[in-house]
Amino acid sequence: MYRAFLGLREEVSGQVSTDTLYFITRWIIQLFQISGEDPAALIELMLVMDNLKNHNPNLLFQYSVDEAHESAFSIYYNLNNLEPAEQHCQRFVEAQQQRFSSPPAEFRCKAQLTGDTQPFQHAWQDYQAKLLKAELRDDPLQHALILKDQAWLMLRHNKDAKDIQNLLDRAIDILNSQPYVNHREMALAYWLKVYVLAQLGDYERGLDRLNKAYESTKIKQPPQLNNLLQTAHLYLLKSSGRYEEASALGNEIAYQSFYREPLTGHNDLPVLSISLEKVLQFSDYASMQQKNESLALQVENARLFRLLTVLLAVFTLVILSVTYLAYRNSKMQARTDGLTQLLNRQEGMRRLKLEAGRMRRRSDRICIAILDLDGFKQINDTHGHRTGDEVLKLLAGIMQKHLRQSDVAFRYGGEEFVIVYRNTTTAEASVSLENLRDKLQKYSGWETTDDTLSVNFSAGLVEFSDTDVNVLYAIDYADKMLYQAKRSGKGKTVAGVYSRSTPEDLTFNGV
Ligand SMILES: Nc1nc2c(ncn2[C@@H]2O[C@H](COP(=O)(O)OP(=O)(O)OP(=O)(O)O)[C@@H](O)[C@H]2O)c(=O)[nH]1
């Protein structure tokens with residue numbers, strides 16, 4: 001297996017990026033370590049260290065400087081070569097301090113070197129306090145989890161295997177007695193147990209625990225958890241001298257790791273897959289090659305699937321946007337008058353009623369003006385309908401430009417327009433209407449006729465603040481005043497205030 005990966009590194013060097021090479025080296029180190037080939041792992045590690053020196057460590061390997069030193073420490077420590085172990089521990093501490101804003105207060109490598117039991121004591125006391133809390137709260141699940149964590153702590157500090165087993169047995173018993181079994185925690189507890197039994201060389205019981213662990217993760221088996229159990233299995237096989245089985249399982253774990261993130265997301269994956277196949281052709285791992293192919297296919301399929309999902313999402317988004325825009329457009333069209341682009345009568349009346357509602361709620365007032373172009377038939381007859389249309393559009397444009405945003409203007413019909421002035425008195429609205437009139441009369445840029453056109457309008461204006469009266473009465477009232485404006489000479493505004501007491505035969509105070 002190492003040979004295959006060493007060969008792979010040779011094959012792809014120069015073709016792939018430096019950090020991919022670093023990843024491959026990392027596996028090789030891990031493989032050597034798993035198999036207890038510490039000196040070989042050390043040589044590989046030195047290779048990484050050299051790379052770290054040659055490249056800018058803050059850029060390329062910024063996430064691995066401390067990991068490399070920690071691995072070097074463990075290897076030297078295992079080999080009982082304490083001087084370099086100490087150096088690497090120191091470098092590891094420095095790297096961690098650089099990498100994290102708040103690195104751990106106590107470092108395990110230091111404690112291991114000095115035989116300092118302080119970190120263990122602190123953590124142990126912490127767990128004891130938590131245990132007490134869980135007991136008081138009568139929370140057996142939490143209790144079991146803390147027992148399991150305590151076992152893990154003891155294991156990391158090389159405590160007595162029997163004590164560790166006791167803790168784990170208690171944790172497993174509690175987990176088993178729960179109405180709903182927590183499969184993940186159960187598997188982790190069993191995994192620890194297998195690990196401890198492997199250290200004790202108790203293969204039979206270890207295997208029994210392992211089968212239970214596989215069993216408890218059968219329902220929901222995330223790949224990482226499965227991988228964890230496989231690693232425990234590997235320890236067990238190795239510790240009981242079953243090297244062939246261990247080697248086969250080691251291969252499987254290595255291949256699975258090869259195709260797992262983050263390397264599968266790596267740009268260099270195609271080169272790696274092809275090269276791995278080539279290397280395997282010259283090695284004695286023919287059966288693994290098949291597995292490699294099917295795994296590569298799975299990766300490719302997953303990638304295609306991801307691509308398709310993204311494409312589908314983009315496509316759906318485009319369709320939705322287009323549909324939404326078309327819908328919005330058609331809605332706009334249904335609301336506006338095609339010629340003047342003002343609101344049409346239906347939408348205008350709806351907005352008028354809304355404004356009346358708002359007025360009632362705020363005890364406000366509104367002014368309603370009806371404008372009618374004077375002598376418009378004459379304009380049509382003399383200058384043609386196109387000029388008539390131009391006049392209508394001109395007045396609409398002037399309204400849009402010179403009315404306030406809160407005012408609502410719409411085409412009431414033919415050459416009639418309505419303006420709803422929010423919170424405005426008749427005096428203020430009259431000023432606005434005179435302003436519109438002024439702009440209309442001063443206009444001279446006609447496109448459809450050379451003649452100077454005299455364009456003007458008459459208007460009926462009503463102030464309306466009575467909360468009990470239907471706003472349509474006010475419109476009728478404004479219409480009647482418009483009629484008065486027409487009758488009394490055109491080109492003017494006649495205004496009045498409408499209330500419930502306004503008699504049927506209307507009296508006007510002209511402006
Ligand atoms: N060009 C054009 N003319 C229209 C449009 N809608 C209505 N008209 C015309 O507007 C004219 C309105 O004529 P009348 O109701 O007699 O009004 P007027 O000539 O302005 O008379 P007064 O209101 O008394 O000043 C009619 O000839 C309609 O055909 C339109 O969209 N475009």
Side-chain angles (χ1 to χ4, degrees), residues 330 332-352 367-403 407-421 426 429-430 432-462 472 474-496 498 505-511:
S330 74
M332 284 281 282
Q333 273 176 4
R335 284 180 189 161
T336 46
D337 169 58
L339 179 70
T340 61
Q341 296 307 311
L342 286 180
L343 297 177
N344 60 24
R345 181 180 179 133
Q346 198 189 4
E347 179 63 14
M349 290 306 282
R350 193 181 73 82
R351 296 280 285 274
L352 171 62
C367 262
I368 302 170
I370 301 187
L371 287 69
D372 186 294
L373 285 161
D374 293 331
F376 190 60
K377 185 171 180 315
Q378 182 78 30
I379 293 173
N380 269 332
D381 292 349
T382 317
H383 301 277
H385 260 75
R386 273 184 56 218
T387 305
D389 284 353
E390 208 182 329
V391 172
L392 291 171
K393 282 198 267 186
L394 174 69
L395 180 56
I398 291 173
M399 283 187 202
Q400 272 172 333
K401 193 165 170 201
H402 296 283
L403 290 175
D407 299 334
V408 180
F410 63 94
R411 190 175 180 193
Y412 195 50
E415 81 289 18
E416 278 191 328
F417 298 87
V418 168
I419 303 172
V420 183
Y421 291 98
T426 41
S430 297
S432 158
L433 289 170
E434 288 320 301
N435 182 31
L436 299 180
R437 190 191 310 284
D438 186 50
K439 299 280 180 303
L440 184 69
Q441 288 191 309
K442 282 191 178 144
Y443 183 79
S444 59
W446 303 107
E447 282 176 18
T448 49
T449 175
D450 295 335
D451 301 344
T452 37
L453 265 179
S454 164
V455 191
N456 204 345
F457 62 80
S458 303
L461 177 64
V462 60
L472 297 179
I475 281 260
D476 285 348
Y477 186 54
D479 209 22
K480 281 171 185 157
M481 280 189 278
L482 168 66
Y483 179 68
Q484 287 298 317
K486 290 274 185 193
R487 266 199 8 198
S488 59
K490 302 186 182 177
K492 60 167 81 168
T493 300
V494 172
Y498 184 81
D505 55 335
L506 306 159
T507 46
F508 305 105
N509 35 349
V511 173

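All residue numbers refer to positions in the sequence shown, counting from 1. All ligand and atom numbering here is 1-based and tracks the order in the structure.
Taking E434 as the reference, R437 meet the salt bridge (charged side-chain N to carboxylate O under 4.0 Å, His left out) condition, with sequence neighbours excluded. Applying the ring pair (Phe, Tyr, Trp, His ring centres under 6.0 Å) rule to Y443 yields the partners W446; only residues at least two apart in sequence or on another chain are considered.
In terms of modelled atom types and a separation under 3.5 Å, the side chain of N456 and the main chain of D374 share no donor-acceptor contact. Distance alone, capped at 3.5 Å, places no donor-acceptor pair between the T336 side chain and the L343 backbone.
Under 4.0 Å from any atom of ligand 1, one finds heavy atoms of residues L339, D372, L373, D374, G375, F376, K377, N380, H385, G388, D389, L392, R411, G414, E415, K486, K490.
Minimum interatomic distance between M349 and F410 (heavy atoms only, all atoms of both residues): SD-CZ, 3.8 Å.
Listed by first and then second residue, the salt bridge (charged side-chain N to carboxylate O under 4.0 Å, His left out) pairs involving residues 387-403 amount to none (not counting sequence neighbours).
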